[in-house]
Amino acid sequence: MKQQSGAQYPFAAIEEKWRKVWQEKKLHEIDLDAARKKLYCLVMFPYPSGEKMHIGQWYNYGPTDTWARLKRMQGYDVFFPIGFDAFGLPAENYAIKHGIHPAVSTKANIDFFREQLRQIGGMFDSRAELITSDPLYYKWTQWIFLKLYHNGLAYRKEAPVNWCPKCNTVLANEQARDGRCERCDSLVTRKNLVQWFFKITVYADRLLEGHNRIDWPEKTITMQKNWIGRSEGSEIVFVEEKTGLPLPVFTTRADTLLGVTYLVMAPEHSLVDKITDTSRIAEVNDYRMKAQQATEIDRLSVVREKTGVFTGAYAINPINNERIPIWIADYVLATYGTGVVMAVPGHDQRDWEFSQKYGLPIRQVVKPRDGGSIDLSQGAYEEFGLLINSGEFDGLDSLTAIEKINAKLSEIGRGRKTISYRLRDWLISRQRYWGAPIPMVFCDNCGEVPVPESELPVLLPEINDFRPTETGESPLARSQSFLYTDCPRCKAKARRSTETMDTFVDSSWYFLRYLNPHLTDKPWDEKRVKKWLPVDFYVGGAEHAVMHLMYARFIVKCLYDMKLIDFDEPFIKLRHQGIITNNGAKISKSRGNVINPDRFIERYGSDTFRCYLMFMGSYSDGGDWDDSGINGVARFLGRIYRLFDKYGDNASRGMALSYKSITSSDNELKYCLNHTIAKVAADIESLDFNTAIAAMMEFLNVLYKRAETGDTGDLFDYALAQYVKLLAPLAPHLAEELWSRIGNSDSVFNCRWPEFYKEALILEMMTIAVQVNGKLRGTVKVARTISESELLRAAKANEHVSRYLENKVIIKEIVVPGKLVNIVVK
RNA sequence: GCCGGAAUGGCGGAAUUGGUAGACGCAAGGGACUUAAAAUCCCUCGGAUGACAACAUCCGUGCCGGUUCGAUUCCGGCUUCCGGCACCA
């Protein structure tokens, strides 16, 4: 018989049609106040820095929509909002490059993005859309700044900052990766500026504690822990001999205190001037100049020789009153610990290297616990051990010695146990135009004055020249009408703060705003926030592990402490999608290897493209982009379409049937139907989209086999109807079309995910593998109820097996119920 | 250097707590249909050896070793790749 090829799958018409219907019927608008089984599913919002969404963004939003749709069909009230992280450097750089004002280019780009998001067919609630560059939004970003300010969590100080000479802007440590600007790859230099900071360091321990209460990838939590870098140790106060100035050091090895042979200060340390001996001033200043200039180029070199100079000053060891020289060296960081290190060349490799170069003495104060010998001329001995040359502490184990020495220092008021962190305060000011202005005023009489809440928002001035200035001053200063204002307190002439806020401030609270982004008199709807937050499921790139994801947690903890919200962790469950590369290289505009999804949508349709992204491989691993397999997914959807084109009437009949009323001996189809229902749900839930689609393909193959053999009874009809529901989260447009064609007037997304019947998964006959000495020799098909002895007899009788048993002695017989038999012979 | 993760056919990738390795696809080859092409459908498809053939035997999940009746899975030691951190005292 001739095989009919059937109708072509008219995806373009179908997809456009249903997107319109969904919009008209407001299918994706949910009643936030009436919802009973809330599920807040959030995906990191895009920053519209280019004209179009790239493939990575599609990869973020398509599969996540599939997840959200499944949850909806499982009976949850799913809130799945999307918005635009529109402020910030990428958007501004795009505007500068194209000579368009960022307000204009951002709006145009958002329009493109919105259309593309619509093409995905995502169930985004359009009423919840927010744009962080909208005054209606950033008014409340400024409000949050003021809240932090009034609670002592925002402050200003002069600080050496990472400065990108090309972007003309300050960079956060997180943005100055490998000493290079995250955006433009220029080498970062240092510059002293007065900057605004948020006191995230105050929350270091709270941020660590919260890790125990969230379901996040282990890797992400580890990265945050490393970033916070909590380290327990001691603060020990040395005293400078001439001036009597205290010089506290931080160490984790108080047990080596008697092995200290000199101190080293960071070149930038503020006391260097005060202690340096007059005879050494020239040399010290010269070194400090060089250290400041010797920027990141040197820092990057892998094997960098340590350098330093002697200050001419001496310090006194608080335990034995020994007089030791004070040096400065740039291997000591000004920003960690106290900026002063007690050097123990015998037991710290860095100090050892320094001592070798400058001929400083080495003293052993720890010996191995096992009595073995060590050779300090080869390098430092950094292990814990037993103390020697340490007076009253001799013979103690390092761990005990740390306790005893801490106690003694405490007693004499010269030290204490303390904790040091790698985490620094969050530098939030940017000398850039495209951001939320910091709502502060500087008055000659009153000093630093916060803008009153009633005067928010401080509008971003509409200026023509929005490019950064070379002096480092913000371009906002170019606007006289913005810059000069009246002091809110004394009404005298005053100047506004001209910096804008880091965009990570904008994205640290947006999930609160989604629930009602149109509110004008408050930042969020408390009632809805109480009901909907925290976010149940958050999906986004792993590149945000230490920035966005930590800042958002910090801001939420601040708001919690101010009693403005009643939860202190914003994202209960977090998962990352993998990265799509192009020929193994990261996709970026600068590399010119951007993949535009549009041509695939045009050629294959949105459903096919979405399914292909999900089918390509593991979602959390990502992978290299290769379009050669997309045909297979297009064929798959085409086959579904044609099956229903031909057997639509059967599916319609199947709609009216209930599973329990069907009598059929087709156990294979029963199994397949029920197994697929369970598997697709479980796999989508755990983001294993690829295997969910594979299961749907297998199910389809089974259905086709039934169609070919004419075995199309009630069970087949019923299975067809269920198939549409299973398809719905994966290919929403096609499923909705088929659902309508088989006689439904309501959306498939308003029906419930089918139940599966466990009993169908238990097959009467099963195939058991038979091994001899662990090697597969054959299989036997037996009844499920077979006894162990009967199974063994059947296994041994199998012709492929029996010949391996001839003239052998059976030593052992292993039976794994339902799986296999292994016969061990000799 | 330190901390994670990974390595499976020509390719992307499957493989619930150790239990039939290679599901599902792609590509390729052969065939059907067609004037032809596209589309569609069917068959083969990890490697080696033997046979006309169905088939049989051996090898095979980065490398070496171990535990086990049995290892892609567990343990020890390497190699390579990816991600993160990198003078943090």
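Distance check on atom C1': rC59(B) versus rA54(B) gives 23 Å, rounded to whole Å. Comparing rC42(B) with rC24(B), their P atoms are spaced 13 Å from each other, to the whole Å. On the P atoms, rC82(B) is 16 Å away from rG13(B), given to the nearest whole Å. Spacing between rU72(B) and rA6(B) at atom C1', rounded to whole Å, works out to 13 Å. Here the separation of rG47(B) from rC11(B), taken at their P atoms, is 12 Å to the nearest Å. Taking atom P on both nucleotides, rG84(B) is separated from rG12(B) by 22 Å, rounded to a whole Å. Nucleotides rU80(B) and rG66(B) place their C1' atoms 23 Å apart, quoted to the nearest Å. rG30(B) and rC81(B): their C1' atoms are spaced 38 Å apart (whole Å).
Figure legend: cation-pi geometry between Arg553(A) and Trp227(A) absent, as NZ or CZ is not positioned both under 6.0 Å from the six-membered ring centre and within 45° of its axis.
In this structure, rC55(B) and rG50(B) make a Watson-Crick or G-U wobble pair, each of the two defining distances being under 3.5 angstrom. Shown here, rA86(B) forms no base pair; nothing in the strands shown gives a Watson-Crick or G-U wobble contact with both key distances under 3.5 Å. rG70(B) is unpaired under the Watson-Crick or G-U wobble criterion, no partner having all donor-acceptor distances under 3.5 Å. Nucleotide rA37(B): unpaired (no Watson-Crick or G-U wobble partner with both distances less than 3.5 Å). Across all strands shown, rG25(B) forms a Watson-Crick or G-U wobble pair, both distances under 3.5 Å, with rC11(B). Nucleotide rG76(B) has rC64(B) as its partner under the Watson-Crick or G-U criteria, with both atom distances under 3.5 Å.
Picking from rC11(B), rA89(B), rA56(B) the nucleotide with the shortest atom distance to the side chain of Phe250(A) gives rA89(B). The side chain of Glu708(A) lies closest to rC42(B) when the candidates are rC42(B), rC58(B), rC69(B). Comparing rA89(B), rC69(B), rG19(B) by their nearest atom to the side chain of Lys812(A) picks out rC69(B). Closest to the side chain of Arg422(A), out of rU57(B), rC41(B), rC85(B), is rC85(B). Side chain of Asn822(A), nearest nucleotide from rG70(B), rC87(B), rA89(B): rG70(B).
Not one side-chain nitrogen or oxygen of His576(A) sits closer than 4.0 Å to the OP1 or OP2 atom of rG83(B). Between rG4(B) and Lys219(A), no contact under 4.0 Å exists linking OP1 or OP2 to a side-chain N or O. OP1 and OP2 of rA71(B) both lie 4.0 Å or more from every side-chain N or O belonging to Lys775(A). Remark: Ser231(A) is in phosphate contact with rA89(B), judged by side-chain N or O atoms under 4.0 Å from OP1 or OP2.
Straight-line distance from the CE atom of Met616(A) to the P atom of rA14(B): 12 Å, rounded to whole Å. For the pair Leu333(A) CG and rA86(B) C1', the interatomic distance rounds to 11 Å; values are reported in whole Å. Asp621(A) places its CG atom 15 Å from the P atom of rC82(B), with the value rounded to the nearest Å. Nucleotide rC43(B) holds its C1' atom 13 Å from the NZ atom of Lys705(A), rounded to whole Å. Remark: P of rA71(B) and CG of Leu820(A) are 12 Å apart, rounded to the nearest angstrom. Atom CE in Met223(A) sits roughly 10 Å away from atom C1' in rG4(B) (whole-Å rounding). Protein atom CG of Leu776(A) is 17 Å distant from nucleotide atom C1' of rU72(B), rounded to whole Å. Remark: P of rU68(B) and CD of Gln771(A) are 17 Å apart, rounded to the nearest angstrom.
Residue Arg230(A) is classed as having no contact, given no heavy-atom separation below 4.0 Å to the nucleic acid. Residue contacts shown for Val824(A) are limited to sugar-phosphate atoms, with no base heavy atom under 4.0 Å away. Here His347(A) lies out of heavy-atom contact (under 4.0 Å) with every strand. Contact annotation for Ser420(A): no contact, since no heavy-atom pair falls under 4.0 Å across all strands.
Side chains of Tyr287(A) and Thr307(A): a donor on one and an acceptor on the other come within 3.5 Å. With no hydrogens or angles considered, no side-chain donor-acceptor pair links Asn798(A) and Tyr804(A) at under 3.5 Å. Using modelled atom types, one finds no donor on one side chain facing an acceptor on the other under 3.5 Å when comparing Tyr262(A) with Asp351(A).
When every heavy atom of Arg422(A) is checked against every heavy atom of Asn226(A), the shortest pair comes out as CD-O, 3.5 Å.
Taking a cutoff of 4.0 Å between a charged side-chain nitrogen and a carboxylate oxygen, Lys705(A) and Glu668(A) do not qualify as a salt bridge. The existence of a salt bridge linking Asp330(A) and Arg288(A) is excluded, since no basic side-chain nitrogen approaches an acidic carboxylate oxygen closer than 4.0 Å.
Ring pair His675(A)/Tyr671(A) is parallel by interplanar angle, where below 30° counts as parallel and above 60° as perpendicular. Phe504(A) and His544(A) have perpendicular rings, their planes meeting at more than 60° on a 0 to 90° scale where under 30° would count as parallel. Ring orientation note: the planes of Tyr331(A) and Phe354(A) are tilted relative to one another, at an angle of 30° to 60°.
If you find the closest nucleotide of RNA chain B to His675(A) and to Asn226(A), the one lying nearer the 5' end belongs to Asn226(A). For the pair Thr222(A) and Lys306(A), both in contact range of RNA chain B, the more 5′-proximal nearest nucleotide belongs to Thr222(A).
A donor-acceptor pair under 3.5 Å is absent between the side-chain atoms of Gln771(A) and the main chain of Ile823(A), judged by distance alone.
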Going 5' to 3' through nucleotides 22-31 of chain B, assign each nucleotide B (protein heavy atom under 4.0 Å from a base atom), S (under 4.0 Å only from sugar-phosphate atoms) or - (no protein heavy atom that close).
-> -BBSSS----
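Its glycosidic angle being more than 90° from 0, rG46(B) falls on the anti side.
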